[in-house]
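Reviewing the structure listed below.
Note that the structure is predicted; figures quoted are calculated from it, not measured. Proteins get letters first, then strands, A, B, ... in listed order; numbering begins at 1 in each.
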Number of protein chains: 2
Amino acid sequence: MIEKDPPESVSEATTHRLSLLLRSLRVLDGEKVGTISSQQLAERFGLNSAQIRKDLAQFGEFGVRGVGYHVPELKARLKSVMGLDRVRNVWVVGAGNLGQALADSKNFNSEGFRVVALFDSDRRKVGARSRTGVPLRDVATLKEWAAKEKAEIGVLAVPADAVASVALLLRDAGVRAILNFAPITLAPLPDVVVKNVDLTLFLENLSFQLAKSDAGTRPKGG
Amino acid sequence: MIEKDPPESVSEATTHRLSLLLRSLRVLDGEKVGTISSQQLAERFGLNSAQIRKDLAQFGEFGVRGVGYHVPELKARLKSVMGLDRVRNVWVVGAGNLGQALADSKNFNSEGFRVVALFDSDRRKVGARSRTGVPLRDVATLKEWAAKEKAEIGVLAVPADAVASVALLLRDAGVRAILNFAPITLAPLPDVVVKNVDLTLFLENLSFQLAKSDAGTRPKGG
DNA sequence: TGCTGTGAAACCGTTCACAGCT
DNA sequence: AGCTGTGAACGGTTTCACAGCA
């Protein structure tokens, strides 16, 4: 099992598929499956076997020819490659419905991540705790907390017009990656990894596809 | 201004960019900007001018040579292309924190979409209303409601193990598009548009990029 | 002149198909 | 024999650069 240095750049598509692959491996591991081939993986989870092998090839050689992949081993390797072999603290800024839901969600408190605080500018919320006990702090004190409690990831669930300023605040507080849920594109900041997730866009995507299928069944087009 | 029939297939990337473009046009329209060139659009919103033109070209000719695009006109055309020129009813299944947050969010009740109901299997929740007044119903009654209140879009915010069965329920209730937020891939259903949005994956994406930059600054790799 | 719309070129990601190892 | 790892072929998307029109 040879390990490679990660390539200069890995495509978004590969990154996404590695997450899906890891999810699949967790399922298999839970079922005590010891070994699996890329073919079997593909069939079971709706993936593509050649693509699995190509994706993995970017990071090393993880399989055994004639046999396949050792599930626990590959799972551990993949977690390492993806930086999920340790826990990163997460700050959620914006304690509205979405911010609180994210802060409390299993998704954001699973292997690799732990939401340690919510921040909001509404003084009335400050001092309280979320349903699962995440402390709610004044966003004005964010920078002070940076010294006591290092958070590498910031999640933005604030109104669009607050995004730019809060992003700078987070960067100055040492946050190295920002996940922005506001419906505005946060431009890349130097030395900070930025990912924009506009939930509206997913709905619009569906709408667009519905519109296409509507057009396809109209008398004239059909 | 010539209109084209939509092409057989439009890439995910184009779909995504059209949403971003529409968002930009909404901003410009709010500022009463009457006309704008692809170049100006690109500079202002971090897009690519050639790409804007290529994306639009798939659906017709919307600009004026030597001038650019008429903002209100293009915005209206784009909304039409994306099926956002009418309001679609949305059902949210799963009234946990995330489900309720989505049902109440501006994002899911903006131009083109209206959340008309939440469904849950927890009898204790049934009969109540969300903060913004969305009625909470028993998921067992979902099919009965289909006759009274047509919903084209279903949003899944249920546990992973409930996804497959609820998806079938929605399909049988006439829902034509499903947005799945559970951390499991919902396989495509015939005649239903499916979009999977696993929030965990966005965090893992950040983790992965952090891991890469960590590796890049390690003594040996640096 | 200025900008769109668009062929052509460059680029990137996916799929194929097989050499090579177990 | 079986399956990985990988060059090579393929297909799709992005970028370039300019013809054509206002």
Side-chain angles (χ1 to χ4, degrees), chain A residues 1-21 24-25 28 33-71 73-75 77-78 81, chain B residues 1-21 24-25 28 33-71 73-75 77-78 81 205 208:
Chain A
M1 171 138 349
I2 302 159
E3 186 124 3
K4 231 185 245 185
D5 275 355
E8 196 64 32
S9 98
V10 179
S11 77
E12 191 84 355
T14 293
T15 310
H16 186 250
R17 286 193 300 261
L18 288 180
S19 278
L20 296 180
L21 181 55
S24 306
L25 290 167
L28 292 169
V33 175
T35 299
I36 195 165
S37 69
S38 58
Q39 180 69 57
Q40 291 171 305
L41 263 168
E43 274 165 21
R44 164 108 191 241
F45 297 97
L47 313 173
N48 175 308
S49 63
Q51 212 160 43
I52 291 169
R53 299 198 300 275
K54 263 272 151 76
D55 285 342
L56 291 175
Q58 297 182 51
F59 304 95
E61 304 194 359
F62 303 107
V64 182
R65 286 161 204 244
V67 177
Y69 300 91
H70 185 55
V71 173
E73 176 78 26
L74 181 57
K75 183 181 144 210
R77 289 279 168 191
L78 214 46
V81 162
Chain B
M1 172 137 348
I2 302 158
E3 187 125 2
K4 231 184 245 183
D5 275 356
E8 196 65 31
S9 98
V10 179
S11 76
E12 189 86 356
T14 293
T15 309
H16 186 251
R17 285 192 302 259
L18 289 179
S19 277
L20 296 180
L21 181 55
S24 306
L25 290 167
L28 292 169
V33 174
T35 299
I36 194 164
S37 69
S38 59
Q39 179 69 58
Q40 290 171 307
L41 264 169
E43 275 165 19
R44 164 110 190 241
F45 297 98
L47 312 172
N48 175 308
S49 63
Q51 213 158 43
I52 291 170
R53 298 198 300 275
K54 263 274 151 77
D55 286 342
L56 292 175
Q58 296 182 52
F59 303 94
E61 306 194 357
F62 302 107
V64 182
R65 286 164 203 241
V67 177
Y69 300 91
H70 185 55
V71 173
E73 177 78 27
L74 182 57
K75 183 181 143 208
R77 289 279 167 191
L78 214 45
V81 162
N205 182 309
F208 182 53

Task: Those residues that, when tested against A:Arg65, pass salt bridge (Lys or Arg N to Asp or Glu O under 4.0 Å) (two or more places apart) - done: none
TODO: State, with a plain yes or no, whether a side-chain heavy atom of A:Leu56 is found less than 4.5 Å away from one of A:Val81.
DONE: no
- [ ] Measure from the side-chain N and O atoms of A:Lys4 to the backbone N and O of A:Gln58, and report whether any donor-acceptor pair falls under 3.5 Å.
- [x] no
Open item on the list: Reading DNA chain C in the 5' to 3' direction, which nucleotide is the first one with an atom under 4.0 Å from a heavy atom of chain B, and which is the last?
Closed with: C:dG2 to C:dA8
Open item on the list: Contact between B:Val10 and B:Phe59 at the side-chain level, heavy atoms closer than 4.5 Å - yes or no?
Closed with: yes
Task: Between P of D:dC3 and CD of A:Glu43, the distance in whole Å - done: 11 Å
- [ ] By nearest nucleotide on DNA chain C, pick out whichever of A:Val10 and B:Gly68 is the more 5' one.
- [x] B:Gly68
TODO: Report the residues that fulfil salt bridge (Lys or Arg N to Asp or Glu O under 4.0 Å) with B:Arg17, sequence neighbours left out, ordered by chain and then residue number.
DONE: B:Asp55
Task: Contact list for DNA chain D against residues 46-59 of chain B - heavy-atom distance below 4.0 Å - done: B:Asn48, B:Gln51, B:Arg53, B:Lys54
TODO: Using heavy atoms to find the nearest nucleotide of DNA chain C for A:Thr14 and A:Arg65 separately, return the residue whose nucleotide is more 5′.
DONE: A:Thr14
TODO: Just jot down the salt bridge (Lys or Arg N to Asp or Glu O under 4.0 Å) partners of A:Glu12, sequence neighbours excluded, or say none.
DONE: A:Lys195
Task: Qualifying residues under side-chain contact (heavy atoms from CB on, under 4.5 Å), relative to A:Ser38, sequence neighbours excluded - done: A:Ser49, A:Ile52, A:Arg53, A:Tyr69
Open item on the list: Checking A:Arg44 against A:Ile36 for the side chain to side chain contact (heavy atoms under 4.5 Å, CB included) test, could you report, in this order, the C-alpha distance in whole Å, the side-chain angles of both residues, the deciding distance, and whether it holds?
Closed with: CA-CA 11 Å; A:Arg44 164 108 191 241; A:Ile36 195 165; 5.6 Å; no
Open item on the list: Can you list everything that forms a side-chain hydrogen bond (donor to acceptor under 3.5 Å, both in side chains) with B:Ser37? Sequence neighbours excluded, please.
Closed with: B:Gln40
TODO: Please determine, for the side chain of A:Ser38, which listed nucleotide (D:dT13, D:dG20, D:dT4) has the closest atom?
DONE: D:dT4
Open item on the list: Tell me every residue that passes side-chain hydrogen bond (donor to acceptor under 3.5 Å, both in side chains) with A:Lys54, counting only those two or more places apart in sequence or in another chain.
Closed with: none
Open item on the list: Using OP1 and OP2 only, check whether a side-chain N or O of B:Arg17 sits under 4.0 Å from D:dT14.
Closed with: yes
Task: Listed partners of A:Thr35 passing side-chain contact (heavy atoms from CB on, under 4.5 Å), at least two apart - done: A:Val67, A:His70
Task: End-to-end axis angle, where each axis spans five pairs of the helix from C:dT1-D:dA22 to C:dT22-D:dA1, to 10° - done: 0°
